[in-house]
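A quick write-up on the structure given underneath.
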Amino acid sequence: MKNQIGLKKLTDELGLQWLDNVDTNSVDIELAEKISFQFAKSNLILPLRKEEGKLQAVSADPLDTQTLDDLRLLFKSPVEVSVTDPDRMMDLINKVYDMSSQSANKTMDDIGEEEDLDSLLHSLPEDLLETSAEAPVIRLVNSVLVQAVKEKASDIHLEPYERDLVVRYRIDGNLINIISPPKRLQALIVSRIKIMAGLNIAEKRLPQDGRVKIVIAGKEVDIRVSVIPTSHGERVVMRLLDKSNMLIDLGNLGLRGDNLKRLKSLIQLPHGIVLVSGPTGSGKTTTLYSALSSINTVEKNIITVEDPVEYLLPGIGQMPVNTKVGLTFSNGLRSILRQDPDIIMVGEIRDLETAEIAVQASLTGHLVFSTIHTNDAAGSVTRLVDIGVQPFLISSSLVATLAQRLVRVLCPHCREAYDPTERSLAQLGLKPDDIDKGIVFYRAQSCQICRNTGYIGRTGIFELLVVDEEIRPLITDDINSVQIKAAAAKRGFLDLKSSGTKLVIEGATSVEEVVRVTSDAI
């Protein structure tokens with residue numbers, strides 16, 4: 001704060017303009033691209049635009065006359081500089097160069113036929129936007145990563161075929177073709193990715209898994225890399241884990257109303273098991289991380305065992321499963337209990353041994369979080385019984401199960417209002433008489449903003465089954481999941497389809513989207 005006051009005073013003394021904020025929309029991107037990201041970052045200066053023959057620039061060091069002279073020579077015009085503090089300056093530089101990063105398609109045109117690319121594969125810059133233009137394959141891989149982060153892709157697929165090589169992004173749950181690099185570059189691109197992930201580039205017969213941490217415009221991104229051999233070469237899938245989107249408040253996941261209130265109270269309990277169910281990619285881990293973060297205090301000892309550890313949570317002990325050395329969920333969970341934990345998270349309950357240890361942990365005063373693969377909340381009870389857990393132990397330890405799915409959110413720029421047919425309403429379990437006047441239904445269209453998909457982003461739909469005094473006897477009596485669900489419905493339980501229907505009525509998603517993700521839960 002003192003430094004900022006001193007810089008403001010100096011700015012006034014020099015007769016220069018102080019900027020509290022610079023709108024990135026006012027920056028001429030092409031002008032900014034004429035200086036490197038490294039130059040801008042090192043000298044804390046950025047050209048903004050040209051006005052009346054003068055270059056307008058912003059700097060955090062108005063006394064750096066050498067840099068100002070460099071800009072005068074480069075742009076061949078007088079420089080008029082404004083001043084801002086270093087933190088704002090660095091944030092502006094990151095944002096502008098993030099916006100200006102070349103697309104992967106543009107980089108494709110720069111790859112030459114005769115360049116010696118092998119010698120360029122071993123240099124990994126600290127920040128991908130600082131990469132020089134010397135290594136075409138490195139620039140191609142970096143551009144694919146940069147664009148994936150900008151597009152908010154969750155995965156990057158590098159898929160080799162007989163004559164083609166295809167790069168696809170998974171955006172909002174769907175795979176989209178991005179580029180098709182020349183087949184001759186396949187080995188070089190895969191080798192570059194392997195080097196980044198610390199994998200053996202000589203091993204091409206066995207699957208390999210690795211991890212790499214990169215920085216893109218000041219934003220940390222963890223990447224899980226999986227490489228497998230196929231008949232047409234090695235196939236690579238990269239899972240992007242953006243740390244800036246890591247911790248999401250429970251209310252922003254899509255939970256609302258009574259479900260949100262109940263879950264917040266359940267995760268404050270001193271003991272018991274809370275299960276989250278759903279298929280792969282339905283956001284179960286994000287929900288568990290959000291729950292753990294909301295109850296993480298210095299008074300509580302929280303330990304997890306995961307396969308793998310997706311995000312590193314501050315203040316929480318996280319143990320990765322390693323089957324190669326015999327560290328399984330059950331062995332890890334058994335060891336955790338000797339670490340005096342208050343709260344435990346097990347990545348997944350897969351077998352009887354893990355389930356029994358989790359049950360015993362909950363009965364001895366621990367709050368246990370875990371995931372389980374079932375289609376709905378009530379199915380979690382049936383699944384535990386199928387694994388081999390005694391029903392009376394389930395009824396004594398289980399406090400709630402939360403089933404979830406992710407539905408795509410309609411693009412607000414192109415969604416279209418329409419009158420739903422009786423068939424559409426019937427798919428949601430509704431009749432025309434059930435719809436109040438004034439409610440507007442929307443369906444997906446297409447525009448450039450949503451990449452012609454009709455949707456931008458995703459949100460969750462949930463069903464929360466609280467194991468209370470009414471449900472507990474049903475579990476002990478080995479009643480099936482359908483009857484448990486029917487009993488819960490009498491007490492206000494809403495299933496996944498009902499949760500999705502609320503989003504449709506609110507105009508957030510479409511009938512087709514809700515039907516698509518809940519068809520396996522009917």
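Taking Asp91 as the reference, Lys95 meet the salt bridge (charged side-chain N to carboxylate O under 4.0 Å, His left out) condition, with sequence neighbours excluded. In this view, Glu356 satisfies the salt bridge (charged side-chain N to carboxylate O under 4.0 Å, His left out) rule with no residue, not counting sequence neighbours. The salt bridge (charged side-chain N to carboxylate O under 4.0 Å, His left out) check on Arg211 picks up nothing, with sequence neighbours excluded.
With hydrogens and angles disregarded, a donor-acceptor distance shorter than 3.5 Å links the side chain of Gln404 to the backbone of Gly283. In this structure, the side chain of Tyr311 does not engage the main chain of Thr286 through any donor-acceptor pair within 3.5 Å. Here the side chain of Ser277 pairs no donor or acceptor atom with the backbone of Ile372 at under 3.5 angstrom. A distance-only check finds a donor-acceptor pair linking the side chain of Asn296 to the backbone of Pro314 [under 3.5 Å]. Under a 3.5 Å cut-off, the side chain of Arg415 and the backbone N or O of Gly507 do form a donor-acceptor pair. Although no hydrogens or angles enter the test, the distance criterion places no donor-acceptor pair under 3.5 Å between the side chain of Gln318 and the main chain of Ile303. In this structure a side-chain-to-backbone donor-acceptor pair under 3.5 Å is present from His366 to Ala361. A distance-only check finds no donor-acceptor pair linking the side chain of Ser362 to the backbone of Leu367 [under 3.5 Å]. Side-chain atoms of Ser424 do not come within 3.5 Å of backbone N or O of Pro420 as any donor-acceptor pair. Asp172 places no side-chain N or O within 3.5 Å of a backbone atom of Arg408 that could act as its donor or acceptor partner.
Between Leu240 and Asp155, the closest side-chain pair of non-hydrogen atoms is not below 4.5 Å. Under the 4.5 Å side-chain criterion, counting only non-hydrogen atoms from C-beta, Thr459 is in contact with Val407. Taking 4.5 Å as the limit, some side-chain heavy atom of Val221 sits within range of a side-chain heavy atom of Ile223. Taking 4.5 Å as the limit, every side-chain heavy atom of Leu140 sits out of range of all side-chain heavy atoms of Asn142. Side-chain contact between Leu145 and Met238 is present, with at least one heavy-atom pair separated by less than 4.5 Å. Looking only at side-chain heavy atoms (C-beta outward), Leu250 and Lys264 come within less than 4.5 Å of each other. At least one side-chain heavy atom of Val381 sits under 4.5 Å from a side-chain heavy atom of Ile484. For the pair Leu402/Leu275, no side-chain contact is recorded, criterion being any heavy-atom separation below 4.5 Å from C-beta on.
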Given the rule in the side chain to side chain contact (heavy atoms under 4.5 Å, CB included) test, do Leu165 and Glu159 qualify, once you have shown the distances and angles that lead to the verdict?
CA-CA 6 Å; Leu165 180 64; Glu159 303 171 356; over 6 Å; no
Could you give me the CA-CA distance, side-chain angles and deciding distance for Gln147 and Ile178, then say whether side chain to side chain contact (heavy atoms under 4.5 Å, CB included) is met?
CA-CA 10 Å; Gln147 188 168 326; Ile178 301 299; 4.1 Å; yes
Evaluate Met319 against Ile336 for side chain to side chain contact (heavy atoms under 4.5 Å, CB included), listing each step before the verdict.
CA-CA 9 Å; Met319 179 194 302; Ile336 283 175; 4.0 Å; yes
Taking it one step at a time, do Ile387 and Arg383 satisfy side chain to side chain contact (heavy atoms under 4.5 Å, CB included)?
CA-CA 6 Å; Ile387 288 173; Arg383 175 65 178 150; 4.0 Å; yes
In sequence, state the C-alpha distance, the side-chain angles, and the governing distance for Glu151 and Arg451, and then conclude on salt bridge (Lys or Arg N to Asp or Glu O under 4.0 Å).
CA-CA 10 Å; Glu151 298 280 358; Arg451 298 180 65 93; 2.9 Å; yes
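For the pair Ser265 and Arg262, the tightest heavy-atom approach, listed with the atom from each and the gap, is OG-O, 2.7 Å. Across Ile461 and Gly500, no two heavy atoms sit closer than the pair CG2-CA, 3.8 Å. For the pair Ile394 and Val385, the tightest heavy-atom approach, listed with the atom from each and the gap, is CD1-CG2, 3.6 Å. Nearest heavy-atom pair across Gly347 and Thr371 is O-OG1, 2.6 Å. Closest heavy-atom contact between Ser330 and Glu353: OG-OE1, 3.4 Å. Scanning both residues, Ile456 and Cys411, for their nearest heavy atoms gives CD1-SG, 3.7 Å.
Contact check on Glu310 versus Arg224 returns a salt bridge, with a Lys/Arg side-chain nitrogen under 4.0 Å from an Asp/Glu carboxylate oxygen. Salt bridge absent: Asp209 and Arg239 never bring a charged side-chain N and a carboxylate O closer than 4.0 Å. Note on Glu512 versus Arg443: no salt bridge recorded, every NZ/NE/NH1/NH2 to OD/OE distance being 4.0 Å or above. Of the charged side-chain nitrogens involved, at least one lies within less than 4.0 Å of a carboxylate oxygen, so that Arg491 and Asp468 count as a salt-bridged pair.
With values rounded to the nearest 0.5 angstrom, Thr401 atom OG1 is found 9.5 Å from Ile471 atom CD1. Considering CG of Leu410 and CG of Leu503, their distance stands at 10.0 Å, rounded to 0.5 Å. Atoms CD1 and OG, from Ile349 and Ser380 in turn, are 9.0 Å apart once rounded to the nearest 0.5 Å. Taken to the nearest 0.5 Å, the CG atom of Asp495 stands 13.0 Å off from the CG atom of Leu464. Note that OG of Ser395 is 6.0 Å distant from CD1 of Ile475, once rounded to the nearest 0.5 Å. Taken from OG1 in Thr518 to CG in Leu428, the straight-line distance is 8.0 Å, to the nearest 0.5 Å.
Other residues, nucleotides and ligands contribute more than 12 heavy atoms inside 6.0 Å of the NZ atom of Lys300.
Side-chain contact, Ser26 with Asp23: no donor N or O sits under 3.5 Å from an acceptor N or O. For the 3.5 Å distance criterion, the side chains of Glu416 and Tyr418 fail to qualify, holding no donor opposite an acceptor. Side-chain contact annotation: Tyr289 with Glu306, donor-acceptor N/O pair under 3.5 Å present. Judged purely by distance below 3.5 Å, without hydrogens or angles, the side chains of Ser290 and Ser293 never pair a donor atom with an acceptor atom. Between the side chains of Ser510 and Tyr455, at least one donor N or O lies within less than 3.5 Å of an accepting N or O. For the 3.5 Å distance criterion, the side chains of Ser499 and Glu463 fail to qualify, holding no donor opposite an acceptor. With 3.5 Å as the limit, one finds a donor-acceptor pair spanning the side chains of Lys183 and Gln186. Judged purely by distance below 3.5 Å, without hydrogens or angles, the side chains of Thr354 and Asp351 pair a donor atom with an acceptor atom.
Checking each of Val276, Ile267, Ile273 against Phe369 for a side chain to side chain contact (heavy atoms under 4.5 Å, CB included) leaves exactly one that passes, namely Ile267.
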